[in-house]
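Step one of this worksheet: look at the structure below.
All values below come from the heavy atoms of this structure, side chains included, with hydrogens, waters and symmetry mates left out. Everything numeric here is computed off the predicted structure, so don't read it as measured data. Protein chains get the first letters and strands the later ones, always in sequence-line order, with residue 1 at the start of each.
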Amino acid sequence: MDDQLAISVRGLRKAYGDTTAVDGVDLTVSRGEVFALLGPNGAGKTTTVEILEGYRRRDAGEVSVLGIDPDHADDQWRTRVGIVLQGTGEFDDLTVAEVVHHFAGFYPAPDDPDKVIDRVGLVDKAKSRTHALSGGQKRRLDVALGIIGRPELLFLDEPTTGFDPEARREFWELIRDLAAAGTTIVLTTHYLDEAEALADRVGVITGGRLVEVAAPARLGNRENALTTVSWRTPTGEVERAESATPTALVGELAARFGGEVPGLTVTRPSLEDIYLRMIGHR
Amino acid sequence: MTTTSRTSATPATTVPGRRLGPVALGLRQGRLELRQFLRSRESVVFTMAFPVVLLLIFASVFGDEIGGGVRFTQYFVTGMIASGLVAVGFQNLAIQIPGERDRGILKRLRGTPMPQWVYFAGKVIMVGVIALVETALLLGTATLFFDLQLPATAARWFTFGWVSLLGITACTLLGIAFSSLAQTGRGASATATPVALILQFISGVFIVFTELPSWMQQVAALFPLKWMCQGLRSVFLPASFAAQEPAGSFELGRVALVLSIWCVLGLVLCLTTFRWTTRRDG
């Protein structure tokens, strides 16, 4: 096994009865990388991640996470892995501080609980009972519990669900800090901007298959995609041309119109256009 | 996510660099469980106060002599102590654990390096402490208001000790085993409560056992509660009352045997059926 790889997956399959949830996924994640698994609901993101976390058993394929098959994971392995599950958890009548302090005790070298509570922005809620937190605040608690053990590898399953835009930006900063400190991060999301903002590489999963893995800027061959140039003809009709050399085309048009080109737009396909095309919406 | 940081009042419970030893892990889990129990109004009212209220009502209404110089009040106290153990061990866990499973607390704990036994140690400590308090409350109420005679000999205290210990152990194990039957946290109460209630009616808690039809006595004899009640009667009722028992004696040997069998059965069920995740988690 390559020591540079945090995760290595080959031919991963998982079915629930007649429904195939994961259908032959191959995947590698390097140490220190931020990898986003992007896909619509029901694409197989959570199943894949929960197999990597050791929660679900696969039907077929080879999986190695930090050099260990998660089906045979032990407590030693779990000290190295942080997990933020999809659902938010409630700890009944315990306070935020109590829960974070308690979880810290499970790890050999935990982070300072009070510092972690601060990091996820729950200082003001440290003494609140967990059931009294808002959805976004519960999610922050989930993240706090995921990072309290100072994991080498952190899984985040749709971490920012329920966050307002500001909270999401703050969360992104936290992830960048963790990544800068060398933590390998695997997150699932259905937010494109999140994948684009955080990930070194994005894997697009749909129908249980990984349709592409690439850096966000290269996804769907985006950098080489043709640019659409449109303008209005003298008769008022909108004309459209796809070009690999849009600058030259615009120059040509400027010469033709003798200056300003009426109704000129130059559009590169957005990540969203490419993504929607990949998951089958056109 | 750094906002102005205030230090939390909660003292650090962790020593960085080395994980807590097994004893410390178990004790702090027990403390957490107790804290959670005492903060939950439903638990305190339903599990702790309810048996005391029942004792006050029944013992006040039905004070007639039932033979052998024993009043129903005395008879009922022994049944209520046994029922209290069922409430604290069986009902409490059979309802609480599915709720924790439903809310994802178990799944989350499973993703940490907490050794699995620590969770159960926490439950056992909680049950043990609450059972002690519960029994003391019932004994206190009965001696104050209903002239219950506390055991006068060491031998009787010893019997009281082992019957209670075997009884609470069987109830705890069966409560944990039963928790895996419930599909949802909400359904758990609807399945566990009737089981306990029916057993109370057929095991000689609310009704003098020998007044029940013999087929009902035979059904009850399959379950632990009848034997717990019988064992406790040998502690609190005059030795002469043994003649009123179905077998003409308190059958302490059989009490020990049946309760031990239920302990073993409960343990086997726990080990084979316990689930950290819900069924929908695959």
Quiz prompt | Set of side-chain hydrogen bond (donor to acceptor under 3.5 Å, both in side chains) partners for A:Ser134, sequence neighbours left out | solution =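 So A:Ser134 forms a side-chain hydrogen bond (donor to acceptor under 3.5 Å, both in side chains) with A:Gln137.
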So for [X], is it side chain, backbone, both, or neither that comes closer than 4.5 Å to the heavy atoms of chain B?
X	result
A:Leu85	side chain
A:Asp74	neither
A:Arg169	neither

Quiz item: Under the 6.0 Å and 45° cation-pi test, does A:Arg168 pair with A:Tyr191?
Solution: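 Yes - A:Arg168 lies over the ring of A:Tyr191, closer than 6.0 Å to its centre and within 45° of its axis.
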Practice problem: Decide whether a cation-pi geometry holds between B:Arg28 and A:Phe106; the criteria are a distance under 6.0 Å from NZ or CZ to the six-membered ring centre and an angle within 45° of the ring axis. | Solution: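 The answer is yes, since B:Arg28 meets both limits relative to A:Phe106.
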Practice problem: Quick one: closest heavy-atom pair of A:Pro70 and A:Val65, and the distance? | Solution: CG-CG2, 3.9 Å
Self-check item: Nearest heavy atoms of A:Gly146 and A:Leu154, plus distance in Å
Solution: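 So the minimum-distance heavy-atom pair works out to O-CD1, 3.6 Å.
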Practice problem: Pick whichever of A:Asp142, A:Ile83, A:Leu145, A:Leu94 has the most heavy-atom pairs under 4.5 Å with chain B. | Solution: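 The residue among A:Asp142, A:Ile83, A:Leu145, A:Leu94 with the greatest pair count is A:Leu94.
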Quiz item: Among A:Val99, A:Asp93, A:Thr79, which residue forms the greatest number of heavy-atom pairs with chain B at distances under 4.5 Å?
Solution: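 Of the candidates given, the most pairs with chain B belong to A:Asp93.
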Exercise. Identify the residues of residues 38-53 of chain B whose heavy atoms come closer than 4.5 Å to a heavy atom of chain A, ordered by number, or report 'none'.
Key: B:Arg39, B:Ser40
Quiz item: Which of parallel (below 30°), tilted (30 to 60°) and perpendicular (above 60°) describes B:Phe120 and B:Phe274?
Solution: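 Answer is perpendicular, since the angle exceeds 60°.
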Quiz item: Going by the angle between their ring planes, with limits at 30° and 60°, are B:Phe206 and B:Phe58 parallel, tilted or perpendicular?
Solution: tilted
Quiz item: Can A:Arg209 and A:Asp23 be counted as an ion pair, charged N to O under 4.0 angstrom?
Solution: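 Here A:Arg209 pairs with A:Asp23 in a salt bridge, since their nearest N and O are under 4.0 Å apart.
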